[in-house]
J.: 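Let me begin by handing over the structure; questions about it come next.
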Amino acid sequence: MTYDDAPNGALMLNNAEWLDNLNYLDFLRDIGRHFSINRMLAFESVKSRLDREQSLSFLEFNYMILQAYDFMELNRRYGCLLQLGGSDQWGNIVNGIDLTRRVLNKEIYGLTSPLLTTSDGKKMGKSAAGAVWLDAELVSPYEFWQFWRNTTDADTGKFLKLYTEMPVDECNRLGALKGSDINAAKIILANEVTTLLHGAKAAKTAEATAREVFEKGGIGDDLPTRLP
């Protein structure tokens with residue numbers, strides 16, 4: 001799938017394009033020989049699982065090889081030179097760089113960024129419990145607003161700086177509020193982020209609904225409903 005007709009327009013690809021027709025024995029012979037088990041066990045993504053005595057299936061362990069192969073094929077087929085990812089993908093990306101150098105004799109690159117975490121160290125992401133979605137069909141604007149309104153006190157200042165366009169000094173001031181005063185900062189956070197995604201009208205409606213429900217004991221029209 002292409003997003004536009006520009007020569008450098010973004011592509012949405014399905015790795016089944018090159019994975020579906022792989023022969024397992026050929027893959028082990030031609031690709032598997034470039035991977036050292038000792039080196040794979042040393043990567044943090046694997047090591048941390050083993051240190052916590054959590055089971056790691058053979059399928060999960062092989063994911064590192066498949067992602068490395070994907071990177072190589074993206075370079076071979078489409079000239080991809082850079083893979084972006086969270087810091088937990090560092091090992092997979094490095095393996096793709098090394099595999100491409102060994103097989104294609106080409107130089108490619110990786111760039112990772114720190115994972116977004118809450119104050120208790122838990123990862124924010126699509127696989128985390130209570131993950132929030134940008135699609136209004138999956139998470140309504142009201143539920144999206146509530147997600148940010150329910151931010152913990154310790155995360156409020158950080159999230160204001162990460163997810164809004166407010167001046168840093170103002171984010172620091174709001175994040176430093178204590179007691180019940182921090183709730184005003186959380187409402188500002190919810191309004192700012194919801195406005196960026198769904199628009200100012202949706203943010204205003206969500207706040208009004210929340211006040212109607214939680215302060216006046218009413219039932220707002222914007223509340224999500226579920227059929228029995």
J.: Testing the basics here: between A206 and P141, what is the closest heavy-atom pair and its distance to 0.1 Å?
T.: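 Closest pair (atom of A206, atom of P141, distance): CB-O, 4.3 Å.
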
J.: Are F35 and L28 linked, directly or through other ILVMFWY residues, by side chains that come within less than 4.5 angstrom of each other?
T.: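 Not linked; separate clusters.
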
J.: Can you list everything that forms a salt bridge (charged side-chain N to carboxylate O under 4.0 Å, His left out) with E17? Sequence neighbours excluded, please.
T.: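 For E17 the salt bridge (charged side-chain N to carboxylate O under 4.0 Å, His left out) partners, ignoring immediate neighbours, are R77.
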
J.: May I ask you to test the I31-L99 pair for a side-chain heavy-atom distance under 4.5 Å?
T.: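 Yes, their side chains come closer than 4.5 Å.
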
J.: For residues 173-186, pull every pair meeting salt bridge (charged side-chain N to carboxylate O under 4.0 Å, His left out), keeping only residues two or more places apart or in separate chains.
T.: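 Every pair satisfying salt bridge (charged side-chain N to carboxylate O under 4.0 Å, His left out) with a residue in residues 173-186: D153-K186, E170-R173.
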
J.: Anything under 30° is parallel, anything over 60° is perpendicular, the rest tilted; go ahead and classify W148 against Y163.
T.: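 The arrangement is tilted - the two ring planes meet at 30° to 60°.
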
J.: What is the minimum heavy-atom distance between A185 and L177, and which atoms define it?
T.: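 Answer, listing the atom of A185 first, then L177: CB-CD1, 4.3 Å.
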
J.: Measure the shortest side-chain to side-chain distance between N15 and Y69 over non-hydrogen atoms and say whether it is less than 4.5 angstrom.
T.: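 Heavy-atom side-chain distance check fails, nothing below 4.5 Å.
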
J.: Between V46 and M40, does the side-chain contact (heavy atoms from CB on, under 4.5 Å) criterion hold? Intermediate values first, please.
T.: CA-CA 7 Å; V46 175; M40 292 171 70; 5.6 Å; no

J.: First locate atom CE of M166, then atom CG of L189, and finally report the distance between them rounded to the nearest 0.5 Å.
T.: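 Interatomic distance, M166 CE to L189 CG, rounded to 0.5 Å: 9.0 Å.
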
J.: When clusters are formed by joining ILVMFWY residues with side-chain heavy atoms under 4.5 Å apart, either directly or through shared neighbours, do L162 and L115 land in the same one?
T.: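 No, it is not one cluster - the side chains of L162 and L115 are not joined through contacts under 4.5 Å.
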
J.: Spell out, yes or no, whether L22 and L74 are grouped together once hydrophobic residues are joined by side-chain heavy atoms under 4.5 Å, including indirect joins.
T.: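 Yes: a chain of side-chain contacts under 4.5 Å links L22 to L74.
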
J.: Just jot down the ring pair (Phe, Tyr, Trp, His ring centres under 6.0 Å) partners of Y109, sequence neighbours excluded, or say none.
T.: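 Partners of Y109 under the ring pair (Phe, Tyr, Trp, His ring centres under 6.0 Å) test: none.
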
J.: Can you list the residues that meet the side-chain hydrogen bond (donor to acceptor under 3.5 Å, both in side chains) rule with N172, with sequence neighbours excluded?
T.: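 side-chain hydrogen bond (donor to acceptor under 3.5 Å, both in side chains) list for N172, sorted by chain: K161.
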
J.: Scan for salt bridge (charged side-chain N to carboxylate O under 4.0 Å, His left out) pairs involving residues 93-118, sequence neighbours excluded, and state none if there are none.
T.: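 Applying salt bridge (charged side-chain N to carboxylate O under 4.0 Å, His left out) to every pair that reaches into residues 93-118, excluding sequence neighbours, yields D98-R101, D98-R102.
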
J.: Does I93 reach the side chain of T112, with side-chain heavy atoms less than 4.5 Å apart?
T.: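 A side-chain contact under 4.5 Å exists here.
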
J.: Of all residues at least two apart in sequence or in a different chain, which pass the salt bridge (charged side-chain N to carboxylate O under 4.0 Å, His left out) check with D169?
T.: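 Partners of D169 under the salt bridge (charged side-chain N to carboxylate O under 4.0 Å, His left out) test: none.
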
J.: State which residues pass side-chain hydrogen bond (donor to acceptor under 3.5 Å, both in side chains) with W90; sequence neighbours excluded, sorted by chain then number.
T.: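 Result, side-chain hydrogen bond (donor to acceptor under 3.5 Å, both in side chains) vs W90: none returned.
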
J.: Could you give the distance from CD1 (I97) to CG (N92), rounded to the nearest 0.5 Å?
T.: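 Going from CD1 on I97 over to CG on N92, the span is 11.0 Å.
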
J.: For residues 2-13, which residue pairs pass the salt bridge (charged side-chain N to carboxylate O under 4.0 Å, His left out) check, not counting sequence neighbours?
T.: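 Counting only pairs at least two positions apart or across chains, no salt bridge (charged side-chain N to carboxylate O under 4.0 Å, His left out) contact touches residues 2-13.
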
J.: Going by the rule salt bridge (charged side-chain N to carboxylate O under 4.0 Å, His left out), which residues pair with D155 if we only count those two or more places apart in sequence or in a different chain?
T.: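 In terms of salt bridge (charged side-chain N to carboxylate O under 4.0 Å, His left out), with neighbours along the sequence ignored, D155 is linked to no residue.
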
J.: Where do T209 and Q146 land on the side-chain contact (heavy atoms from CB on, under 4.5 Å) test, with the steps shown first?
T.: CA-CA 10 Å; T209 298; Q146 276 293 336; over 6 Å; no

J.: Let me confirm one number: the OG1-CD1 distance from T151 to I187, rounded to the nearest 0.5 Å.
T.: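 It comes to 11.5 Å.
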
J.: For the pair W145 and Y142, name the ring-plane relationship: parallel under 30°, tilted 30 to 60°, perpendicular over 60°.
T.: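 It falls in the parallel class, under 30°.
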
J.: Taking a hydrophobic cluster as the set of Ile, Leu, Val, Met, Phe, Trp and Tyr residues connected by side-chain heavy atoms closer than 4.5 Å, whether directly or through intermediates, do L66 and I108 fall within one such cluster?
T.: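 In one cluster: no.
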
J.: Find out whether V193 and F147 are in side-chain contact, i.e. whether some heavy atom of one side chain is under 4.5 Å from a heavy atom of the other.
T.: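 When only atoms from C-beta onward are counted, F147 and V193 do not touch, as no gap falls below 4.5 Å.
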
J.: Which pair of heavy atoms, one from F71 and one from T100, lies closest together, and at what distance?
T.: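 Nearest heavy atoms, F71 then T100: C-OG1, 4.5 Å.
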
J.: Mind checking side chain to side chain contact (heavy atoms under 4.5 Å, CB included) for A10 and listing every partner two or more places apart, or none if nothing turns up?
T.: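 Checked A10 against side chain to side chain contact (heavy atoms under 4.5 Å, CB included); matches are Y3.
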
J.: Indicate the atoms forming the closest heavy-atom contact of V139 with W133, along with that distance.
T.: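 That would be CG2-N, 3.5 Å.
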
J.: Flag the pair E60 / Y63 as yes when at least one side-chain heavy-atom distance between them is below 4.5 Å, and no otherwise.
T.: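 No, their side chains stay 4.5 Å or more apart.
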
J.: Nearest 0.5 angstrom please: T195 OG1 to K204 NZ, how far?
T.: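 Result: 11.0 Å between the selected atoms.
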
J.: Could you give all pairs that pass the side-chain hydrogen bond (donor to acceptor under 3.5 Å, both in side chains) test and reach residues 30-40, with sequence neighbours left out?
T.: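 Of all non-adjacent pairs touching residues 30-40, those that pass side-chain hydrogen bond (donor to acceptor under 3.5 Å, both in side chains) are R39-N95.
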
J.: Apply side-chain contact (heavy atoms from CB on, under 4.5 Å) to F61 and I37, showing your working.
T.: CA-CA 10 Å; F61 190 61; I37 293 295; 3.7 Å; yes

J.: Looking at every heavy atom in both Y78 and L13, which two are closest together, and how far apart are they?
T.: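 Between these two residues, the closest heavy atoms are CE1-CD1, 3.5 Å.
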
J.: If Ile, Leu, Val, Met, Phe, Trp and Tyr residues are connected whenever their side-chain heavy atoms lie under 4.5 Å apart, and connections chain through other members, are L82 and L11 in the same group?
T.: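 No, because L82 and L11 fall into different hydrophobic clusters, even though each may have its own neighbours under 4.5 Å.
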
J.: How about Q89 and Q83: does a side-chain donor come under 3.5 Å of a side-chain acceptor?
T.: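 Checked: Q89/Q83 side chains show no N/O donor-acceptor pair below 3.5 Å.
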
J.: Please assess N183 against R149 for the test side-chain contact (heavy atoms from CB on, under 4.5 Å), listing each intermediate value before the final yes or no.
T.: CA-CA 8 Å; N183 290 327; R149 170 61 182 83; 3.7 Å; yes

J.: Minimum heavy-atom separation for L134 and F144, please, with both atom names.
T.: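 Where L134 meets F144 most closely, the heavy atoms are CD2-CE1, 4.2 Å.
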
J.: Using modelled atom types only, decide if a donor and an acceptor are shared between the side chain of K158 and the backbone of T117 within a distance under 3.5 Å.
T.: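 Between the backbone of T117 and the side chain of K158 there is a qualifying donor-acceptor contact (under 3.5 Å).
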
J.: Any chance the side chains of W18 and D70 put a donor and an acceptor closer than 3.5 Å?
T.: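 Checked: W18/D70 side chains pair up, N/O donor to acceptor below 3.5 Å.
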
J.: Which residue pairs pass the salt bridge (charged side-chain N to carboxylate O under 4.0 Å, His left out) test when at least one of the two sits in residues 83-95, sequence neighbours left out?
T.: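 Checked against salt bridge (charged side-chain N to carboxylate O under 4.0 Å, His left out) - neighbours excluded - the pairs reaching residues 83-95 are D88-K123.
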
